Protein chains: 2
Amino acid sequence: MRILVVEDDPDLGRQLTEALEQAGYAVDLAPDGEEGLFLGETEPYDAAVLDLGLPKLDGVRVLEKWRAAGKDLPVLILTARDRWSEKVAGFDAGADDYLTKPFVTEELLARLRALLRRTAGHANAALECGDLRVDTHAARASVNGEPIKLTAHEYRVLNYLMHHQGRVVPRTELVEHIYDQDFDRDSNTIEVFIGRLRRKIGSNRILTERGLGYRLIDPKAEKITE
Amino acid sequence: MRILVVEDDPDLGRQLTEALEQAGYAVDLAPDGEEGLFLGETEPYDAAVLDLGLPKLDGVRVLEKWRAAGKDLPVLILTARDRWSEKVAGFDAGADDYLTKPFVTEELLARLRALLRRTAGHANAALECGDLRVDTHAARASVNGEPIKLTAHEYRVLNYLMHHQGRVVPRTELVEHIYDQDFDRDSNTIEVFIGRLRRKIGSNRILTERGLGYRLIDPKAEKITE
DNA sequence: TGTCACACTGAACGCGGTCTGAACACTCAC
DNA sequence: GTGAGTGTTCAGACCGCGTTCAGTGTGACA
């Protein structure tokens, strides 16, 4: 999952970036409204954390422009001001959630998890696909109750696939959502991760659609045609 | 839109009900956890506002039971306690949003709007032609619910035909939309793909108009003339 | 009915996407 | 510094899929 943070305070920005990266997200940080607007329009983020008081371009304006451009990524708004009229303005500009400074990092993470979950169409806190489970809070996976030991990047790949289970996910999309901006495009890292994942969770769970991408399925529910 | 409010305080309950009805929602009020659980499981609500401190059955338990029963309606949690650890617990039980008492009614309404808006965005684009379906998001096709295994190019051909069903699509047009610029004109690749497609989805679905092109139809709706 | 052009089919080939094991680079913990 | 754990690169092998081709089938028209 790839998150855009738009925050002008360098300290808070760094702190947020660190916390999110620690939680397993790929993070880009924009220090002002203009750059935030540009990044949000050009890069495929799964969610954005947006400060309201920003230099160059206000947070609400950024959000409005994203929405006007058809961007429907979930946005969590952040602000020092706690007057409810501004919260409401933020919401009606198209924000999905709102957090008032100061806040506890845990709560930001929890709200972000809920947002990502809901966006992917899942209500449950734990993602499930047959007897494969991913606990997004603890960042742990299990098959049939048996915990599986995953590395950070293996977890990211699996997590993204779980959020889009049943769908064909192109390799390029996987790359874009797992790494932040600069990444060597022609590399077979993803294939290696897929291979290692298959060995850990069972090889019949991740299908490869040749020329299209990968697809996560529940092998019990879905009989493989042919 | 139909909303369930689970709140034990009679004053607050009435106040919420009024505000929501004023905003145009249909509202049911449950005074304790047990009734809330029952109503949420049996009636088709679009969202729920759930207090955490409830008699008979705690809010988090209610939420967990809903989720366990497969109910995925968006839930906004309400509580007097503002300790963040409980918020996080609420989120990870499957809540979509959280509000701490006391709150401004406007903010509750704004959060509810955001929640409903986000939840509504899940109509996945599927093309249909009789009992033939192509889910353009998942890049999958099915006939009569049975999934069909297609190769990348077969899928492209079918997808284009689905977008122009009923119309005669010249072979040249098909070629132009499936390949990039340079393509050997005298080749019968398209015919081969059409043939393979017919074998997979049923041969009577793609008509060939001699000298003109191909036409995708619903064989049940359209009786073959002559 | 015969002819011709167009369309279909099955088989075969070879490119290239995908997989895998192993080696390498790097970062931490001790 | 040493070792384990992790991310990345590389080369070789595999095999699925797009393409080609030859042979057959079929509609249009005289």
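As a basis for the values below, the full set of heavy atoms in this structure was taken, side chains included, without hydrogen atoms, waters or symmetry mates. Chain identifiers are assigned alphabetically (A, B, ...) following the order of the sequence lines, protein sequences preceding nucleic acid strands; residue numbering begins at 1 within each chain. Keep in mind the model is a prediction, meaning the values are calculated, not measured.
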Over the length of the helix from C/dT1-D/dA30 to C/dC30-D/dG1, how much do the five-pair end axes diverge, rounded to 10 degrees? 30°
Listed partners of A/Phe193 passing ring-ring contact (aromatic ring centres under 6.0 Å, His included), at least two apart: A/His153
Ignoring hydrogens and angles, write down the donor-acceptor pairs under 3.5 Å from the side chains of residues 14-25 of chain A, residues two or more places apart or on other chains.
residue: A/Arg14; atom: NH2; partner: A/Asp11; partner atom: OD1; Å: 3.3
residue: A/Thr17; atom: OG1; partner: A/Gly13; partner atom: O; Å: 2.7

Can you run down the salt bridge (charged side-chain N to carboxylate O under 4.0 Å, His left out) pairs that involve residues 65-80 of chain B, sequence neighbours left out, and say none if there aren't any? B/Arg67-B/Asp96
What residues, two or more places apart in sequence or in another chain, satisfy side-chain hydrogen bond (donor to acceptor under 3.5 Å, both in side chains) together with A/Tyr45? A/Asp28
Only counting residues at least two apart or in another chain, list the ones meeting side-chain hydrogen bond (donor to acceptor under 3.5 Å, both in side chains) with A/Arg61. A/Glu64
Write out all pairs satisfying salt bridge (charged side-chain N to carboxylate O under 4.0 Å, His left out) with one or both partners inside residues 133-152 of chain A, taking only residues at least two apart or from two chains. A/Glu128-A/Arg133
Partners passing side-chain hydrogen bond (donor to acceptor under 3.5 Å, both in side chains) against A/Asp51 (at least two apart in sequence or in another chain): A/Lys101
With a 4.0 Å cutoff (strictly under), does any side-chain N or O of B/Thr151 reach OP1 or OP2 of D/dG18? yes
Please confirm whether the shortest side-chain N or O distance from B/Tyr155 to OP1 or OP2 of D/dG18 is below 4.0 Å. no
Could you check which residues of residues 132-139 of chain A get a heavy atom under 4.0 Å from DNA chain D? Sort them by number, please. none
Heavy atoms under 4.0 Å is the rule here; annotate nucleotides 15-28 of chain C 5' to 3' with B where the base is hit, S where only the sugar-phosphate is, and - elsewhere. -BBSBBS-------
Residues that B/His164 engages under ring-ring contact (aromatic ring centres under 6.0 Å, His included), provided they are two or more places apart: B/Tyr160
Going by side-chain hydrogen bond (donor to acceptor under 3.5 Å, both in side chains), name the residues that satisfy it together with B/Arg113, two or more places apart in sequence or in a different chain. A/Asp92
